[in-house]
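Everything below concerns the one structure shown next.
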Amino acid sequence: MKTIDKIPTGKISRTGKMVQTGIKLGGNYLKYYSKKALNADLSRDQLDQSNAEDIYDGLKSLKGSALKVAQMLSMEKSLLPNAYVEKFSLAQFSVPPLSAPLVRKTFKKYHGQYPDELFDTFSLESVNAASIGQVHRATKDGKDLAVKIQYPGVAESISSDLALVKPIATKMFNLQGRGSERYFKEVEEKLLEETDYVLEVQQSIEMSEACKNIPHLRFPKYYEDLSSEKIITMDWMNGMHLSEFAKQNTNKETANKLGQALWDFYMYQMHILKAVHADPHPGNFLVDKENNLIAIDFGCIKRVPEDFYKPYFELADKQKINDPEFFNAKLFELEILRKEDSSREIEFFSDLFYQMLSLFTAPFQKEEFDFSDEGFWTSVTSLSEKYSKDQELRKMNGNRGSKHFLYINRTFFGLYNLLHDLGATVSINNFKKYS
């Protein structure tokens, strides 16, 4: 893969790159509508593919939060056309890495030494390049190590990058008027946390220790003395990315074993620790030769406050969902309904969230749930398509729900997708054994 010798770090240069991308998209639309005029049956597939390629090509050279947003969107499989999902999913663990000279320069800037001065051996060729940093192999004192180096200028460009992405997100998620700023602030704060590698090492050690008793789950050891604000050193873990493993695995028993470890890991964090690994994409999980799950990258941890946790999970109780008075009271607590809403808005959003919650809490209504059930996924897709085309919804303000929904819903949606890819059947309450 071609390497990168320089990343645009200034606001003007990064804005310029986004403008160039916008011009390309404009050209794609012009070509599409010219062809559409000659062929009324022409589908949008080619347009979506061209746009996805141009957006991804623009973002991958910027790296940082702009690329992180693409990574997050790639997990929303029911929200985007497939061309975007396929292209943006590359941001999870396959983007052009920094060149060897830039790696050395960046490492010296962050750590005060060149990598070959700190480690016994250090490979200047990246083994994994993602949105915020890239990973290199190294050895020291007989230990095989993974060293993650943050890209230059990532933390400094987060606010300006989000300002560039904001108009797209506002349109995509129908965010109108007052109140939308809290969602962008939540994203900005979490992205800034992800650039603090001292915090990530601390969170990684805490999470590894707290979840160490869950069977078939492994974690690398982290080395604080070989890490810094922009560099993380941990054990090298041999394994296959979870998405690659899921594609080639045909053993249902193995899928269930891994799926149970994944489910218990997340439920233990959510219900016991009230803090959760909120970045559940395949690039953050490996499968070793013994079919154990390896969890890595704890940069994005979402703390779950009690005043959100309680009403959120009360609505996972089917009996309570079916009590209209109780249900609407909880929607007000979760800021989905507002006291200034009209009677039509209350009726509309109560019905919408009743359908959504009835569907997405389905796994919690059983002792066991099969995430390979295509009927469940067809229902998810159908509901998403129904409301994405709903003209009445487009006219209403989409600023609905507590800011905590952003990362908690992202966590559950990502978890469900991973379990679906595995084709796993899990025991829902098994995690309680480890509390």
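Worth knowing before you read on, the calculation uses all heavy atoms, side chains too, and leaves out hydrogens, waters and symmetry mates. Index from 1, following the sequence.
Contacts of K212 classified as side chain to side chain contact (heavy atoms under 4.5 Å, CB included), with partners at least two apart in sequence or in another chain: E209. With sequence neighbours left out, the ring pair (Phe, Tyr, Trp, His ring centres under 6.0 Å) criterion links F308 to Y312, H404, F405. Scanning for side chain to side chain contact (heavy atoms under 4.5 Å, CB included) contacts around E125 gives S123, with sequence neighbours left out. For Y354, the ring pair (Phe, Tyr, Trp, His ring centres under 6.0 Å) test picks out F327, with sequence neighbours left out. Under the ring pair (Phe, Tyr, Trp, His ring centres under 6.0 Å) criterion, H216 pairs with no residue, sequence neighbours left out. Scanning for side chain to side chain contact (heavy atoms under 4.5 Å, CB included) contacts around S342 gives R344, E345, with sequence neighbours left out. Residues forming a ring pair (Phe, Tyr, Trp, His ring centres under 6.0 Å) with Y309 (at least two apart in sequence, or on another chain): H271, F313. Under the rule for a side chain to side chain contact (heavy atoms under 4.5 Å, CB included), the partners of Q269 that lie at least two apart in sequence or sit in another chain are M207, C211, F265, Y266, L273, V276, H277. Considering only residues two or more places apart in sequence or on other chains, K310 meets the salt bridge (charged side-chain N to carboxylate O under 4.0 Å, His left out) condition with E314.
For F412 and F360, the gap between ring centers reaches or exceeds 6.0 Å.
Considering only heavy atoms from C-beta on, K148 comes within 4.5 Å of E200 through its side chain. Contact check for V135 versus I149: no side-chain heavy atoms found under the 4.5 Å cut-off. No side-chain heavy atom of N292 sits under 4.5 Å from any side-chain heavy atom of V287.
Classified by interplanar angle (parallel below 30°, tilted 30° to 60°, perpendicular above 60°), the ring pair Y416/F371 is tilted.
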Could you give the side-chain donor-acceptor pairs of residues 257-264 under 3.5 Å, partners two or more places apart or in another chain?
unit_1	atom_1	unit_2	atom_2	d
K257	NZ	E290	O	3.0
Q260	OE1	S427	N	2.7
Q260	NE2	D264	OD1	2.9
Q260	NE2	S427	O	3.0
W263	NE1	I428	O	2.9
D264	OD1	F431	N	3.3
D264	OD2	N430	ND2	2.7

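Ion pairing between a basic and an acidic side chain is recognised when a charged N comes within 4.0 Å of a carboxylate O; K247 and D421 show no such pairing. A salt bridge is defined here as a Lys NZ or Arg NE, NH1 or NH2 lying under 4.0 Å from an Asp or Glu carboxylate O, and E325 with K320 fails to meet this definition. Between R218 and D235 there is no salt bridge, since none of the side-chain N atoms of the basic residue sits less than 4.0 Å from a carboxylate O of the acidic one.
E194 contributes no side-chain N or O that, together with a main-chain N or O of I132, makes up a donor-acceptor pair within less than 3.5 Å.
Among residue pairs with one or both ends in residues 298-307, those qualifying as salt bridge (charged side-chain N to carboxylate O under 4.0 Å, His left out) are E186-K302, K274-E306; sequence neighbours excluded. Evaluation of the salt bridge (charged side-chain N to carboxylate O under 4.0 Å, His left out) test over residues 361-379, restricted to residues two or more places apart or in two chains, returns K252-D370.
Other residues, nucleotides and ligands contribute over 12 non-hydrogen atoms within 6.0 Å of the CD atom of Q248.
At a cut-off of 3.5 Å, with distance as the only test, no side-chain donor of T254 or N249 sits close to an acceptor on the other residue.
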